[in-house]
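Since the structure comes first, as structure tokens, the remarks are kept for the end.
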Amino acid sequence: MTRLLQIEAIKLWNNRSSRILIIAYFVLLTSIALIAAIKFDIGPIQFHLADQGIFNFPYIWHFNTYITAWFKLFLAIIIVSMMANEYSNKTIKQNLIDGLSKKEFILSKFITVVVFALISTVFVFVVSLVLGLIFSDYNEVGIIFSDLEYLIAFFAKLVGFFSFCLFLGMLVKRSAFALGFLVLWQAVEGIIYGLLVWRTSKSLADTVHQFMPLEAMASLIKEPFSRLGAVQSVANQLGEEFSKDYAIHFSEILIVLVWVAFFIYASYWLLKKRDL
Amino acid sequence: MSTILTINNLTKKFGYLTAVNDLSFTIEKGNVYGILGPNGSGKSTTLGIVLNVVNKTSGDFQWFDGTVSTHEALKKVGAIIERPNFYPYMSAEQNLKLVCKIKEVPYDKIREKLELVGLLDRKDDKFRTYSLGMKQRLAIASALLNDPEILILDEPTNGLDPQGIHQIRSLIKEIASRGTTILLASHLLDEVEKVCSHVVILRKGKKLYSGRVDEMIASHGYFVLQSNDQEKLISLLEDHQAFGRINRDNGLITAFLNEPLEASDLNKLVFEKGLVLSHLVKRKESLEEQFLTLTEDQSN
């Protein structure tokens, strides 16, 4: 397994553009700490975002995993191209001729993706922990380490998304087209959802929608903003009541994991079936 | 002698096209094999199948004694098919390190093999800066990293300039002289003739011949002749039992032998009949002529 990871590391790290993108990604992950620096100080209005409770434990786990998950698009480019470039350089053929089995080839890509997701999760954990320890109003150990399932969901979300990217790279063989396909697929999910709402009922549409790959990943971690104390109090003043379920559900993680299995197996199947 | 590769009744169909048709042959250790055939005769497809990148339609093949999986066997094989495929953004050395990882061999062979192909001083340059000849030589270095039991080369001199062709051919000969089994696919007859001891000839995916190059056609060669009286010479040759087909063009007579006959004996015979030869050459048929004869026989 380390051999497969080393193989992929040589390929990625010696490519200048992917090296820069990987570094940029992890810098961005860390840069979420910069939110703490957002301050407005215009005469009577003083606003310091860090004081609004976004860094309170355990809310910070929710907030940070939700925000940083957006940066995954950076890695998506790398992952799609690391698969598609194997086709355009025809190195996939040479790898197989040199004695890599098709299974090992897919596995090396998948392990890399899992490692990316794992490192991202650890990064977010550390950054959030540090931010929380500085700014959080609550510092009891029991509170700090509650709601950590957001990190599990974050990990599952990244693995799911990256597996989808791998599969698209494999299917389409061209990085640009594969990324285009990703955007297209997002639209397709939206259109199917819209059609279902229109033709049938909203409840049926929601049921179907949650099983679609991108929606399943997106809804894993719900938006955290309406949960924020300040927003809640404003809403209360306006007479609105938010009663949303923000929790992570095991069933949702399971849907994503099923998609992961599907994407990886489908990539393997494609590779096995194709004449290179 | 141990067998390296056995192919049995291998068939590959691309839709309605049959690229490889019921092909069988074996590769024994220590020989230099050529797979010869015109473009589109199924050479690359056959190699693709045994190298695990093209799926066969039917038939089977086995590497070595058949006890290891194909991808494990390929770690003991060195192969390049069609163009050299490497990561363009990586240097020669980095590319070879990657191959070492795949083949599970230590890095210390890299230097030796780069030296063999004469690329040691360019090892830190990116692959995309290489000329085609250098790329091809790097591919050979890469294929040799594991000191393979067999080296498979597909059109290794395709697209190279004469100097590049010469470099690659002398490299192949050098490798062969060290006892490495070589399988060389080519549409260039003289290449196979110069390098190989055994040949498999393919046409439209079918095997026409396999065996030693020098036994390809039981032939006694032919004479190219000219004399002071061509008509008389022709009638003399036609009466002689040793000669078969006789052609005449450009003032030269080409007479094919049906049985052995030495040039000196012919000269003597002709002179005794009162004819003087101004031109006498005895030739063996080249592989090219034999190849054309074989392929023509099949198409009729």
Side-chain angles (χ1 to χ4, degrees), chain A residues 1-23 77-78 81-109 111-112 169-170 173-175 268-276, chain B residues 12-15 19 44-45 47-57 63 68-91 93-105 107 126-128 138-139 142-143 145-146 148 152-154:
Chain A
M1 199 167 111
T2 43
R3 166 176 160 255
L4 296 180
L5 201 56
Q6 280 170 332
I7 288 173
E8 216 49 47
I10 295 175
K11 292 180 192 170
L12 277 176
W13 199 246
N14 288 316
N15 187 341
R16 201 196 309 152
S17 32
S18 39
R19 193 169 57 222
I20 290 172
L21 276 173
I22 291 171
I23 293 171
I77 300 171
I78 299 176
S81 62
M82 86 180 184
M83 196 59 128
N85 282 348
E86 300 275 9
Y87 273 103
S88 47
N89 293 332
K90 287 201 172 181
T91 41
I92 182 169
K93 199 167 167 179
Q94 195 60 45
N95 281 179
L96 297 181
I97 292 172
D98 286 338
L100 205 64
S101 72
K102 291 181 175 178
K103 205 183 236 159
E104 282 175 329
F105 184 83
I106 297 291
L107 210 56
S108 75
K109 301 287 182 198
I111 293 172
T112 311
M170 192 68 174
K173 303 189 217 169
R174 301 266 189 290
S175 3
Y268 177 54
W269 182 79
L270 275 177
L271 181 59
K272 241 169 86 166
K273 209 186 65 135
R274 270 186 189 148
D275 292 326
L276 298 168
Chain B
K12 172 66 187 178
K13 290 181 176 157
F14 293 108
S44 296
T45 310
L47 294 183
I49 293 171
V50 299
L51 293 172
N52 201 19
V53 292
V54 176
N55 296 307
K56 64 189 185 207
T57 306
W63 282 101
V68 288
S69 65
T70 302
H71 81 271
E72 281 302 325
L74 289 183
K75 288 178 184 163
K76 294 195 270 175
V77 173
I80 347 163
I81 55 180
E82 287 155 9
R83 313 208 120 219
N85 300 320
F86 289 99
Y87 296 87
Y89 52 83
M90 277 158 56
S91 72
E93 196 179 18
Q94 286 164 341
N95 268 302
L96 293 190
K97 278 184 176 170
L98 184 66
V99 177
C100 283
K101 275 281 163 226
I102 292 177
K103 288 190 180 285
E104 295 179 279
V105 292
Y107 287 160
K126 293 202 185 323
F127 176 68
R128 64 162 167 259
L138 180 65
S142 155
L145 273 177
N146 51 346
I152 298 180
L153 304 163
D154 187 6

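We name chains A, B, ... by the order of the sequence lines, and we start the count at 1 in each one.
- Comparing A:Asn15, A:Leu96, A:Leu100, A:Ile10 by how many heavy-atom pairs each has under 4.5 Å with chain B, the most go to A:Asn15.
- Heavy atoms closer than 4.5 Å to chain B are found in both the backbone and the side chain of A:Asn95.
- Heavy-atom pairs under 4.5 Å with chain B were tallied for A:Leu276, A:Asp98, A:Asn89; the largest tally goes to A:Asp98.
- To the nearest 0.5 Å, the span separating CD on A:Glu104 from CD1 on A:Ile7 amounts to 7.0 Å.
- Looking at B:Lys76, there are no atoms closer than 4.5 Å to chain A (heavy atoms on both sides), in backbone or side chain.
- Of the residues considered (A:Leu271, A:Leu4, A:Ile92, A:Asn14), A:Asn14 shows the highest number of contacts with chain B, using heavy-atom pairs under 4.5 Å.
- Taking each heavy atom of B:Ala139 and B:Pro84 in turn, the nearest pair found is CB-CB, 3.7 Å.
- Around the CZ atom of B:Arg83, the shell of radius 6.0 Å holds no more than 12 heavy atoms that belong to other residues, nucleotides or ligands.
- The cationic atom of B:Lys97 (NZ for Lys, CZ for Arg) lies less than 6.0 Å from the six-membered ring centre of B:Tyr107 and within 45° of the ring axis.
- With a 4.5 angstrom heavy-atom cutoff, A:Lys11 touches chain B via backbone and side-chain atoms both.
- Taking each heavy atom of A:Met170 and A:Lys173 in turn, the nearest pair found is O-CG, 3.7 Å.
- No part of A:Arg16 comes within reach of chain B, as not one of its non-hydrogen atoms sits under 4.5 angstrom from that chain.
- Under the ring pair (Phe, Tyr, Trp, His ring centres under 6.0 Å) criterion, B:Phe127 pairs with B:Phe86, not counting sequence neighbours.
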